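These numbers come from a predicted model, not from an experiment.
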Amino acid sequence: MPCSPAAPVRAGGARSFPLAGSPKEFSPVTALLDLDRPLAPAGSLPERSAVLPPPQLPYMQRELIARATASGRRWQSLARMQLSEQEIGMGRHADHANARVLQRIIGEHGWPGVPLVGQDGATAAWQIALRADTDAFVQRAAARAMYAATQRGTASIQQWAHLHDRCLLNAELPQLFGTQYLRGADGLELEPVRDPDTLDTRRAEVGLPPVADALRDLRLRLAAAPRTPDQKNDGTSTSSFTDSA
């Protein structure tokens, strides 16, 4: 990201660089889901303990996991202000390349959900989408495709809520589920939220914990050592610099 190591950093990811241009027909509002439309119930993902069939596209699973893992290491270092300006720029280019790979996958197969790439591959795709801040068009397309997958039960509605909030903030709109934070000089601050009085109600509707609990967990994670690549995440709370609470 373009911020200097000493600058305040957003736990949900900084937005201080210009977003890539998107087609004129996609305005910041029409490119996102209609916020006044009630959310349809999400399908149920299988429990992690359930025996799942092998992913249909294992080569795609491996590529998504490899890309998300490499990106995750950079973002964890960025969250702890451990990257140089050169490393930040190189990471931004890598995230843009990852976004293009995800765009191609969505164009050919739709959202890469659990049947295609397994639970770990689907989580990796979500992490790539979260980090696609340099390409607003791809990030929004990923959010729409992922939401459709939640209705089929092949993607996590909790993870989608993080991505939806990310898209809203990158479009200069208040977030809906309160998953994104600004890491400033006085600690973590919640980014602007639509109708904050009903925030915990909306979070509960998509299976997220109360915002106070999520903030406590996020502070503990940021103070702790980075996770190892084999530690899992279902989107109820997230550990890297982009994936906030």
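- Interatomic distance, CZ of Arg203 versus CD of Gln158, reported as 10.5 Å (0.5 Å rounding).
- Scanning for side chain to side chain contact (heavy atoms under 4.5 Å, CB included) contacts around Pro196 gives an empty result, with sequence neighbours left out.
- The aromatic rings of His162 and Trp126 stand perpendicular to each other, their planes meeting at an angle above 60°, with 30° marking the opposite boundary.
- Two residues are said to be in side-chain contact when any heavy atoms from C-beta on lie closer than 4.5 Å; His164 and Leu168 meet this criterion.
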request  = Check the pair Tyr181 / Val211 against side-chain contact (heavy atoms from CB on, under 4.5 Å), numbers first and verdict last.
outcome  = CA-CA 11 Å; Tyr181 287 80; Val211 69; 3.1 Å; yes
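- Looking at residues two or more places apart in sequence or on another chain, you find no side-chain hydrogen bond (donor to acceptor under 3.5 Å, both in side chains) involving Gln61.
- Partners of Asp213 according to the salt bridge (charged side-chain N to carboxylate O under 4.0 Å, His left out) rule, which considers only residues two or more places apart in sequence or in another chain, are Arg216.
- Between the side chain of Asp195 and the backbone N or O of Thr198, no donor-acceptor pair lies under 3.5 Å.
- Within the 4.5 Å cutoff, the side chain of Leu188 has no heavy atoms near those of the Leu182 side chain.
- Counting only N and O atoms by type, the side chains of Ser71 and Gln127 include no donor and acceptor under 3.5 Å apart.
- In this structure, CG in Leu218 is found 10.0 Å from CD in Gln180, a value given to the nearest 0.5 Å.
- For the pair Pro55 and Val114, the minimum side-chain heavy-atom distance is 4.5 Å or more.
- Contacts of Ala149 classified as side chain to side chain contact (heavy atoms under 4.5 Å, CB included), with partners at least two apart in sequence or in another chain: Trp111, Arg152, Thr154, Ala155.
- Scanning for side chain to side chain contact (heavy atoms under 4.5 Å, CB included) contacts around Leu57 gives Tyr59, Met60, His109, Leu116, with sequence neighbours left out.
- Neither Ile65 nor Leu102 shares a network with the other; the hydrophobic side chains, linked directly or stepwise wherever heavy atoms of I, L, V, M, F, W or Y lie under 4.5 Å apart, form separate groups for each.
- Linking ILVMFWY residues whenever their side-chain heavy atoms come closer than 4.5 Å, directly or via other members, places Tyr147 and Ile128 in the same cluster.
- Looking at Arg62 and Val117, their side chains never come closer than 4.5 Å, going by heavy atoms from C-beta outward.
- Here the closest heavy-atom approach between residue Leu208 and residue Ala161 is recorded as CD1-CB, 4.1 Å.
- A distance of 5.5 Å separates OG of Ser156 from CE of Met146, quoted to the nearest 0.5 Å.
- With values rounded to the nearest 0.5 angstrom, Leu199 atom CG is found 6.5 Å from Leu190 atom CG.
- No side-chain heavy atom of Asp165 sits less than 4.5 Å from a side-chain heavy atom of Val193.
- Annotation: the span from Cys167 atom SG to Arg140 atom CZ amounts to 7.0 Å, rounded to 0.5 Å.
- In this structure, the side chains of Gln175 and Arg194 stay at 4.5 Å or more apart for every pair of heavy atoms.
- The stretch residues 52-61 participates, sequence neighbours left out, in no salt bridge (charged side-chain N to carboxylate O under 4.0 Å, His left out) pair at all.
- Checking side-chain atoms of Arg131 against main-chain N and O of Ala99 turns up no donor-acceptor pair under 3.5 Å.
- Here CZ of Arg100 is found 8.0 Å from OG1 of Thr134. Values are rounded to the nearest 0.5 Å.
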